[in-house]
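Have a look at the structure below before the remarks.
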Amino acid sequence: MILRTHYSGQIRPDMDGSEVVLAGHAHETRDLGGILFLVVRDREGLSQVTMVAKRTERSILETVRGLSRESVVSVRGKVKAEAKAPRGFEIIPSSVQVLARADSPLPLDPTGKVDCELDTRLDSRFMDLRRPASMAVFRIESAVLQSLRQTFYSKGFTEVCTPKVVATATEGGTALFPISYFEKEAFLNQSPQLYKQILMSTGLDRVFEIGPIFRAEEHDTRRHLNEAISVDIEMSYADHDDVMALLESAVAEAYRFVGEVCQHELSVLGLDLHVPKTPFRRVTYTEALDMAREAGRASMEWGDDIDTETEHYLGSTIGEHYFLTDWPAKVKPYYTQPYDDRPEVSKGFDLMHPTMELASGAQRVHDYGLLVERMKSQGLDPDGFEFYLKAFRYGMPPHAGWGLGLGRLVQTMLGLENIRDAVLFPRDRKRLVP
RNA sequence: GUCCGGAUAGUGUAGUGGCCUAUCAUGAAGCCCUGUCGAGGCUUCGACCCGGGUUCGAAUCCCGGUCCGGGCGCCA
């Protein structure tokens, strides 16, 4: 049984006369009485199947007339070049099989004739993804992942998988999800940070991980989720400048690659992708604060975290990707390396899109004594971190790294209003299903 | 968490106290139609988030709840 020989995108008018088998969803049928059209949709597009009533087998006509929208069909037939047909060809069927019948009414309209709200779409995500514009986002996301992996492998990185179930909640200030782990208390990990760093003491030197992170924060915005995919790297014998260079080239290359391999998806979305120019502008925290103050847009003191209003002002002023560097040490985590000559300033950085933060990273503290001291000064108890600190006592190379939010990268690349559009099955404060 | 806005057929919407037996589109069922491509024409079906209150009368006003959207906060 052959259920498909060609996708829609592979059929062309010059295949006139050849037999093909299409399979997909019944996008719509148009019955004009004497002539009947069935439009079959697969992941590459639409194909029209044409049946002239007088010249078509009765059983085929009955099957197609009884077809509910979105039923799954397999159509065997001959390609006929036809100027009157969409895309210049149509299929004259010799058989039409219904592989699965769809119920009616549908939870939303995949043809796009009637709008639907994000919440409705997410409730029936399987059906939403039949809309070409929704599917295109995730085929592009896949290309972004492929590109990022290619970049990392080409630079000598090893892909790793670190645990998502962890024992300690003392990693930092963010809220973690507690879970039951046999007789013990455990948590879902908020970041692979500590494990990436432990791996730097092994001599593996360059690692990356693409995996989920979990944050139990009550945030409820169009750029936050409680489960996200983080693209994380850690690199030995490198400083913050080295990993910023890697980050900007990885991001720019992802844009370039998507533009090359996702032309169909980009045209479905009506986008003309602009590859950001590297190197990205570097703006120090102090410069950013001065810019905002001069414009009367900031009431912050040096040392405060940058608030959303200031972040948006900077983004709209700068207008392209940029790095925010040289953050006050006290607003960055304990593992962020301070400058030798001015310890109140750190080698931490954020990668910013004009609309939001995409990534944050730093050169890390690799000196055991300094790390313990920094932990204590941020109110953490080093005893809870023994599994981590141990790796710093037996020869830890200097290293640096970053974590990049995949959803935000795709969201900003495609100009999506809500990060939920860029995640197949988003998890937020309210949504746990599907 | 907080502020602002919202919730009407399966979906998307109109409707600011009586004109609502609730609009339109899409959909579904049926009929007509040989080139549709958001096909067209005709008929039919299908809805006011939940609970209280005000009023002669509530989809509409008030209170509480639930859910949704946006801003901010939170996000080492």
Side-chain angles (χ1 to χ4, degrees), chain A residues 27-39 41 45-56 61 65-70 80 82-90 92 102-124 127-128 131 169-176 190-191 193-194 213-226 228 305-312 327-336 346 348 350 356-357 360 362 374-375 377-380 385 403 405 408 417-420 428-431:
Chain A
H27 189 70
E28 53 189 344
T29 55
R30 291 195 202 93
D31 186 354
L32 276 64
I35 189 166
L36 175 59
F37 301 100
L38 163 66
V39 179
R41 186 191 63 249
L46 306 172
S47 289
Q48 176 169 288
V49 180
T50 302
M51 288 142 284
V52 174
K54 284 179 189 165
R55 280 183 260 143
T56 304
L61 290 176
R65 287 193 165 122
L67 209 51
S68 58
R69 299 168 79 218
E70 295 302 313
K80 181 186 169 201
E82 172 56 68
K84 284 182 280 190
R87 301 180 49 223
F89 71 87
E90 60 195 12
I92 309 301
D103 274 357
S104 179
L106 302 171
L108 55 83
D109 170 25
T111 69
K113 285 180 214 166
V114 182
D115 286 343
C116 43
E117 292 188 345
L118 181 60
D119 199 48
T120 304
R121 293 169 46 211
L122 293 176
D123 280 342
S124 301
M127 183 70 66
D128 175 53
R131 298 167 58 247
T170 52
E171 194 177 307
T174 199
L176 302 188
Q190 59 147 157
S191 158
Q193 181 63 32
L194 304 187
I213 59 172
F214 303 91
R215 305 209 168 168
E217 297 297 335
E218 300 269 349
H219 37 44
D220 189 9
T221 77
R222 48 188 185 149
R223 60 187 183 281
H224 288 96
L225 290 173
N226 296 291
D305 203 351
I306 290 184
D307 60 36
T308 306
E309 188 195 357
T310 306
E311 185 181 306
H312 288 167
W327 285 74
K330 71 174 187 182
V331 302
K332 284 292 174 185
Y334 60 84
Y335 50 74
T336 307
S346 78
D350 285 354
M356 71 186 78
E357 178 187 332
S360 65
R374 294 259 310 147
M375 263 181 190
S377 76
Q378 295 201 350
L380 297 169
F385 292 87
R408 287 186 177 191
E417 294 281 310
N418 196 308
I419 196 165
R420 291 161 183 78
D428 62 29
R429 183 71 186 84
K430 304 282 178 58
R431 182 176 287 278

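In this text the structure is predicted, and so the values were computed from the model without any measurement.
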Discussion item. Between B:G10 and B:G52, how many Å separate the two C1' atoms, rounded to a whole number?
Written reply: 30 Å
Worksheet entry | Residue matched to B:G57 through Watson-Crick or wobble contacts both under 3.5 angstrom | none
Worksheet entry | OP1 or OP2 of B:C74 under 4.0 Å from side-chain N/O of A:Arg429 | no
Discussion item. Rounding to an integer number of angstrom, what distance separates B:U13 and B:U8 when you compare their C1' atoms?
Written reply: 9 Å
Practice prompt. Report the distance from atom CD1 of A:Ile306 to atom P of B:A76, rounded to the nearest whole Å.
Written response: 14 Å
Worksheet item: Would you find a donor on one side and an acceptor on the other, under 3.5 Å apart, between the side chain of A:Thr336 and the backbone of A:Pro333?
Response: yes
Discussion item. Tell me the interatomic distance from A:Lys332, atom NZ, to B:A76, atom C1', rounded to whole angstroms.
Written reply: 9 Å
Practice prompt. Could you tell me whether A:Lys332 and A:Asp350 have a side-chain N and a carboxylate O separated by less than 4.0 Å?
Written response: yes
Discussion item. Can you work out whether A:Leu122 or A:Ser68 has the more 5'-proximal nearest nucleotide on RNA chain B?
Written reply: A:Ser68
Worksheet entry | Watson-Crick or G-U wobble partner of B:A28, both distances under 3.5 Å | B:U44
Worksheet, complete the sentence: From CG of A:Asp305 across to C1' of B:C75 the rounded distance in Å is 9 Å
Worksheet item: When rounded to the nearest Å, what value does the distance between C1' atoms of B:G12 and B:U23 take?
Response: 13 Å
Worksheet item: How would you list, by chain and number, every residue that makes a side chain to side chain donor-acceptor pair (under 3.5 Å) with A:Asp31, sequence neighbours excluded?
Response: A:Arg65
Worksheet item: How far, in whole Å, is B:U16 from B:A22 if one measures between their C1' atoms?
Response: 15 Å
Worksheet item: Going 5' to 3' along nucleotides 3-15 of chain B, which nucleotides have protein heavy atoms under 4.0 Å from the base (write B), which only from the sugar-phosphate (write S), and which from neither (write -)?
Response: -------SBSS--
Practice prompt. State whether a side-chain donor-acceptor pair under 3.5 Å links A:Glu70 with A:Ser68.
Written response: no
Fill in: Atom-to-atom span, CD of A:Glu28 to P of B:G40 - whole angstrom
11 Å
Response to the item:
side chain to side chain contact (heavy atoms under 4.5 Å, CB included) filter on A:Arg30, not counting sequence neighbours, yields A:Glu28, A:Leu32, A:Phe37, A:Val39
Practice prompt. Whole angstrom is fine here: how far is it from CZ in A:Arg374 over to C1' in B:A76?
Written response: 10 Å
Practice prompt. Rounded to the nearest angstrom, tell me the gap between atom NZ in A:Lys113 and atom C1' in B:A28.
Written response: 13 Å
Discussion item. I'd like to check the salt bridge (charged side-chain N to carboxylate O under 4.0 Å, His left out) partners of A:Lys80; sequence neighbours left out, ordered by chain and number.
Written reply: A:Glu82, A:Glu90
Discussion item. Does B:G70 have its OP1 or OP2 closer than 4.0 Å to a side-chain nitrogen or oxygen of A:Asn418?
Written reply: yes
Worksheet item: With the sugar-phosphate defined as primed atoms, P, OP1 and OP2, and the base as all remaining atoms, what B/S/- string results for nucleotides 29-36 of chain B, 5' to 3', for protein heavy atoms under 4.0 Å?
Response: ----BBBB
Discussion item. Could you work out, with salt bridge (charged side-chain N to carboxylate O under 4.0 Å, His left out) as the rule, every residue matching A:Glu357, not counting sequence neighbours?
Written reply: none
Discussion item. Run the ring-ring contact (aromatic ring centres under 6.0 Å, His included) test against A:His27 and tell me which residues pass, sequence neighbours left out.
Written reply: none
Item to complete: Tell which nucleotide pairs with B:U23, taking only Watson-Crick or G-U wobble pairs whose two distances are both under 3.5 angstrom.
Response: none
Discussion item. Taking the C1' atom in each of B:G30 and B:G69, what is the distance between them to the nearest angstrom?
Written reply: 40 Å
Worksheet item: Taking atom P of B:C72 as reference, at what distance in whole Å does atom CD of A:Glu217 sit?
Response: 17 Å
Worksheet item: Do A:His224 and A:Glu217 come close enough that some side-chain heavy atom pair is under 4.5 Å?
Response: no
Discussion item. Please give the distance between the C1' atoms of B:C49 and B:U60 as a whole number of Å.
Written reply: 15 Å
Fill in: Distance, P atom - from B:C61 to B:A25, rounded to whole angstrom
27 Å
Practice prompt. Just jot down the salt bridge (charged side-chain N to carboxylate O under 4.0 Å, His left out) partners of A:Asp123, sequence neighbours excluded, or say none.
Written response: A:Arg431
Practice prompt. With heavy atoms under 4.0 Å as the rule, sort A:His312 into base, sugar-phosphate or nothing.
Written response: sugar-phosphate
Worksheet entry | A:Gln378 CD to B:A76 P, straight-line distance once rounded to whole Å | 11 Å
Worksheet item: P atom, B:U11 versus B:C50: distance in rounded Å?
Response: 15 Å
Practice prompt. With a 3.5 angstrom cut-off on both distances, give the Watson-Crick or G-U wobble partner of B:G51, or none if there isn't one.
Written response: B:C63
Worksheet, complete the sentence: Partner of B:A14 under the Watson-Crick or G-U wobble criteria, both distances under 3.5 Å, comes out as none
Fill in: With A:Asp109 via side chain to side chain donor-acceptor pair (under 3.5 Å) - residues at least two apart
A:Arg69, A:Thr111
